[in-house]
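The structure under discussion appears below in the form of structure tokens.
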2 protein chains.
Amino acid sequence: MPTIAADPAEAVPAPPVAAFSPLYQQIKALITRSLQGGEWRPGELIPSEVELAARFRVSQGTVRKAIEALADENLLVRRQGKGTYVASHAEPTTRFRFLRLTPDAGEAGALERRFVDCRRQRAAADVARLLALKTGDAVVQLRRLLSFGGKPVVLDDIWLPGQPFKGLTAERLADHDGPLYGLFESAFGVRMIRADEKLRAAAADADSAALLGVAVGAPLLSVERLAYTYGEQPVELRRGLYDTRAHHYRNELS
Amino acid sequence: MPTIAADPAEAVPAPPVAAFSPLYQQIKALITRSLQGGEWRPGELIPSEVELAARFRVSQGTVRKAIEALADENLLVRRQGKGTYVASHAEPTTRFRFLRLTPDAGEAGALERRFVDCRRQRAAADVARLLALKTGDAVVQLRRLLSFGGKPVVLDDIWLPGQPFKGLTAERLADHDGPLYGLFESAFGVRMIRADEKLRAAAADADSAALLGVAVGAPLLSVERLAYTYGEQPVELRRGLYDTRAHHYRNELS
DNA sequence: GAGTGGTCTAGACCACTGA
DNA sequence: CAGTGGTCTAGACCACTCG
């Protein structure tokens, strides 16, 4: 049993059993909190290294290491001579970070997004579990067709938690141009940080076959994505069917 | 027109148009060369930071930055208190770095590798192009079946350039235990650094269906992998068919 | 030219490993 | 305990951007 010191001033400090955390990781956590709290918004410039060093009372090198870690995780973007920016899904450079489908040959034709459906409903058990909700909680479901150069290639079913995406409607989607994640961050303050995907081969059912213009039973690439925002919180479930006759899913192993 | 100095000693030094290369990147290149040349072999300990700093006449911090970059690329592994090791595909921790197939539920059953075929032949045009060879050059072709818990799940066709893999035979493969890339690095001095994969959905043909125990026409995940060694040199082409009825290909987007 | 991030150094101290 | 990598600091200088 631990001894209790009579005088609080003499209390034995808690031994650092496994509680060692480097300064730069603490700074990293503080910066992340400011990002999450909206102190600096996507696309904006954050304070310079020297300013942050003064603010946190640490050396510039420590701030630098924290920022470098966040840049590695694609939360920040550093630009020499200019400053450090909050990453945004609206930027042209980051736009295809999450879309891994590429034409087998040549340039990608113009990308077109068509929303087939948008409805609010109650979460089924599997959807709720993945989104860390309770069965029956409100969710928004979207169905979307992605076309390259006029040809439909991807059919996505998307589920979003009802709460942060309260005002999401078909009009809102139709008005918006550009990547969905850009809309999510600008209109709903939800920033997608990372995602896990599970890929399988599947046979097209009648519905998917009609929308994608393939034969019933044709092989399709099935992609289930769970996307996370800050703090490993899941905020989007996506089930996609890809027509891979003229496109492929590219991946780099390292 | 540039002026030519009469005295060579007075020659104007070439302006650093775009030729700036940080010291730590030069050190990184030197370390890479030693790795490539076999000065330190996979699994071995490389010299300490202070030793390398003395050897290259730079500060420890510069060496550290070079090593950190190489560790990020999975060429080196740092272990506090012990030292820095050359990464190896034989290590249990790195063994599944390139195999992204995971069972949908539960633990992966025992992995079993069975080689169906191993032959030397002349490269077809497409294989030659991908491996940076000439059509008709010698290649080794392997056909391999991967089973989890006794059930066949992956059928791989593998092409290797004839040159570095001269002594590769069916016996050699049968004798070896563990990942193929472990054999490649220990027996042939070829270390796989990274790989590009292209994923598609395909229908099983008679051959594949029989080997994988699925129906003809069943959807399979098709994975074409091109693996590279040092200097972005392609050294393996792999065409795999995955049965994804009880397994999936996992990927993380970030 | 002023301000930004990028590189390089030198030195101190900390955490971890193994003899 | 000595040796390793890991953290933190302070300061100098370089490369890039923009007004």
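Residue numbers start from 1 in every chain, and the chains themselves are labelled A, B, ... in the order their sequence lines are given, proteins ahead of strands.
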Take atom CG of A:Leu23 and atom P of C:dA15, then tell me their distance rounded to the nearest Å. 12 Å
Can you name the ring-ring contact (aromatic ring centres under 6.0 Å, His included) partners of B:Tyr181, sequence neighbours left out? B:His89, B:Phe98, B:Phe184
Check whether any side-chain N or O of B:Arg191 sits under 3.5 Å from a backbone N or O of B:Thr229 as a donor-acceptor pair, and report yes or no. no
Taking only side-chain nitrogens and oxygens of B:Thr84, does any of them come within less than 4.0 Å of OP1 or OP2 of D:dT4? no
Residue mapping more 5' on DNA chain D - nearest nucleotide basis, A:Gln26 or A:Gln80: A:Gln26
Would you check if there is a donor-acceptor pair between the side chains of B:Ser147 and B:Glu112 at a distance under 3.5 Å? no
Between C:dT7 (P) and B:Phe20 (CZ): distance, integer Å: 7 Å
Proximity to DNA chain C (any heavy atom under 4.0 Å), residues of residues 45-75 of chain B only: B:Val58, B:Ser59, B:Thr62, B:Lys65
Just how far, in rounded Å, is C1' of C:dG3 from OH of A:Tyr85? 12 Å
Respond yes when some side-chain nitrogen or oxygen of A:Lys82 is under 4.0 Å from OP1 or OP2 of D:dC18, and no when none is. yes
Give a yes/no answer on whether the side chain of A:Arg78 brings an N or O atom under 4.0 Å of OP1 or OP2 in C:dG6. yes
Between A:Ile193 and A:Glu73, does the side-chain contact (heavy atoms from CB on, under 4.5 Å) criterion hold? Intermediate values first, please. CA-CA 8 Å; A:Ile193 304 302; A:Glu73 296 174 22; 5.9 Å; no
As an exercise, state the distance from OG1 of A:Thr32 to OH of A:Tyr230, rounded to the nearest 0.5 Å. 7.5 Å
Charged N-O contact under 4.0 Å between B:Glu232 and B:Arg194: yes
